[in-house]
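Fair warning: this is a prediction, and the values are worked out from it, not measured in the lab.
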Amino acid sequence: FPGSCWNANLSEGTPATGPIGTTAMWESDGFLNSGTSGAAKVNLYSFNTIGWLRTIGVNLSAGGYRVKFNYGVTAYNATTPAVTTATDDTVKFLISNDGGTTWTVLHSWDSPNSTVSNISNDYSYNLSSYTGANTVFAFYASDGTVDDAPDYEFFVDNFVVEVLPPPCTTPSSQPSALNFTSVTYNSIAGSFTGSGANKYLVVQTLNSTLTANPVNGTVYTAGQSLGGGTVVQASANTSFTKTGLSSLNNYHFLNPIVL
């Protein structure tokens with residue numbers, strides 16, 4: 001990184017306009033501060049700063065592609081979780097079907113220091129509706145207009161655009177033995193026994209059940225709403241951590257669902 005596939009010398013602007021400046025905020029480092037190279041990161045601390053990380057054009061005219069990558073958040077220059085005080089910061093993942101003239105937000109991580117963990121999180125998006133011959137992707141990072149105290153880093157690694165894999169086979173059993181290993185006034189860690197599935201969906205809710213079940217063919221990501229709850233994790237991991245909880249609420253973490 002950045003190599004010939006990325007441009008990090010981009011700044012300012014909005015998700016509607018695209019970048020208009022040439023200051024670099026994204027830089028190379030080891031993923032989640034493990035090692036010193038291979039991944040991209042942005043430091044969110046100084047308010048009124050905006051940085052972009054943009055790809056070169058990708059030809060999707062044949063159709064049937066997806067984009068996927070890993071992401072996570074750590075405290076500044078550390079591997080530990082970030083301070084979870086709510087902020088007006090945001091990181092957005094965008095796509096442009098016309099080479100960067102117009103942009104569409106595919107996913108937003110608002111106040112990422114309090115909503116994204118310091119472990120590797122998976123993101124995947126079905127690009128079947130995008131067939132531009134010069135499709136561009138970008139990450140937009142803004143520290144907002146409020147001078148917030150948290151000083152942390154958002155990481156991206158293993159970014160790939162690839163042909164969609166064949167449909168998955170429905171697993172024959174569900175995971176079991178959900179166990180909570182660490183509980184504090186604003187966080188919880190848990191683990192469970194896997195069932196041999198490719199991925200597991202962990203959902204947090206204030207209710208004892210969900211109002212809607214996961215939908216086949218839908219790719220779920222951390223922070224996404226589902227049945228009155230919120231997706232904590234959608235990955236192959238059989239353990240999870242959730243921060244930013246309130247001691248005034250009773251939370252339910254449903255037995256993980258196979259994907």
> Between Phe93 and Tyr123, does the ring centre distance come in under 6.0 Å?
Replying inline: yes
> CZ of Phe180: more than 12 outside heavy atoms within 6.0 angstrom?
Replying inline: yes
> In Å, rounded to the nearest 0.5 Å, how long is the span from CG of Leu127 to NZ of Lys68?
Replying inline: 12.5 Å
> Would Tyr200 and Phe240 count as a close aromatic pair, with their ring centres under 6.0 Å?
Replying inline: no
> If you draw a 6.0 Å radius around CG in Asn249, do more than 12 non-hydrogen atoms from other residues or ligands fall strictly inside?
Replying inline: yes
> In terms of hydrophobic clusters joined by side-chain contacts under 4.5 Å, are Tyr251 and Leu178 together?
Replying inline: yes
>> Has Asn7 got a side-chain atom pairing as donor or acceptor with Asn9's backbone, closer than 3.5 angstrom?
In response: yes
>> Give me each pair satisfying side chain to side chain donor-acceptor pair (under 3.5 Å) with a member in residues 137-151, each pair once, sequence neighbours excluded.
In response: Asn43-Asp151
>> Applying the side chain to side chain donor-acceptor pair (under 3.5 Å) criterion to Asn70, which one of Asn121, Asn158, Asp157 satisfies it?
In response: Asn158
>> I'd like to know whether Ser114 forms a side-chain hydrogen bond (donor to acceptor under 3.5 Å, both in side chains) with Ser111, so could you lay out the CA-CA distance, the side-chain angles of the two residues, the decisive distance to 0.1 Å, and finally the verdict.
In response: CA-CA 6 Å; Ser114 61; Ser111 187; 2.7 Å; yes
> Quick one: CZ on Phe69 to OG on Ser124, what's the gap to the nearest 0.5 Å?
Replying inline: 9.0 Å
> Would a hydrophobic clustering, with Ile, Leu, Val, Met, Phe, Trp and Tyr connected at side-chain separations under 4.5 Å, put Val146 with Tyr45?
Replying inline: no
>> If we check side chain to side chain donor-acceptor pair (under 3.5 Å) with Tyr152, which of these qualifies: Asn77, Thr84, Thr80, Asp89?
In response: Asp89
> From Thr22 OG1 over to Glu12 CD, what is the distance, rounded to the nearest 0.5 angstrom?
Replying inline: 8.0 Å
> If you round to the nearest 0.5 Å, how far is CZ of Phe192 from CG of Asn179?
Replying inline: 12.0 Å
>> Between Leu10 and Ile20, is there shared hydrophobic-cluster membership here, with clusters defined by ILVMFWY side-chain heavy atoms closer than 4.5 Å?
In response: no
> Given the rule in the side-chain hydrogen bond (donor to acceptor under 3.5 Å, both in side chains) test, do Asp110 and Ser108 qualify, once you have shown the distances and angles that lead to the verdict?
Replying inline: CA-CA 6 Å; Asp110 296 327; Ser108 295; 4.8 Å; no
> Does Asn33 reach the main-chain N or O of Ala78 with its side chain, forming a donor-acceptor pair under 3.5 Å?
Replying inline: yes
> Roughly how far, to the nearest 0.5 Å, is the OG1 atom of Thr221 from the CG atom of Leu201?
Replying inline: 10.0 Å
> Are Trp109 and Trp52 joined in one hydrophobic group, where the rule is that I, L, V, M, F, W and Y side chains link up if heavy atoms are under 4.5 Å apart?
Replying inline: no
For residues 130-139, dump all side-chain donor-acceptor pairs below 3.5 Å to protein atoms at least two apart in sequence or in another chain.
unit_1 : atom_1 : unit_2 : atom_2 : d
Thr135 : OG1    : Asn97  : OD1    : 3.2
Thr135 : OG1    : Gly132 : O      : 3.0

> Roughly how far apart are Phe154 CZ and Leu32 CG, rounded to 0.5 Å?
Replying inline: 10.0 Å
>> Just checking Phe253: does its CZ atom have more than 12 heavy atoms from other residues, nucleotides or ligands closer to it than 6.0 angstrom?
In response: yes
> Quick one: ring pair (Phe, Tyr, Trp, His ring centres under 6.0 Å) partners of Phe31, sequence neighbours excluded?
Replying inline: none
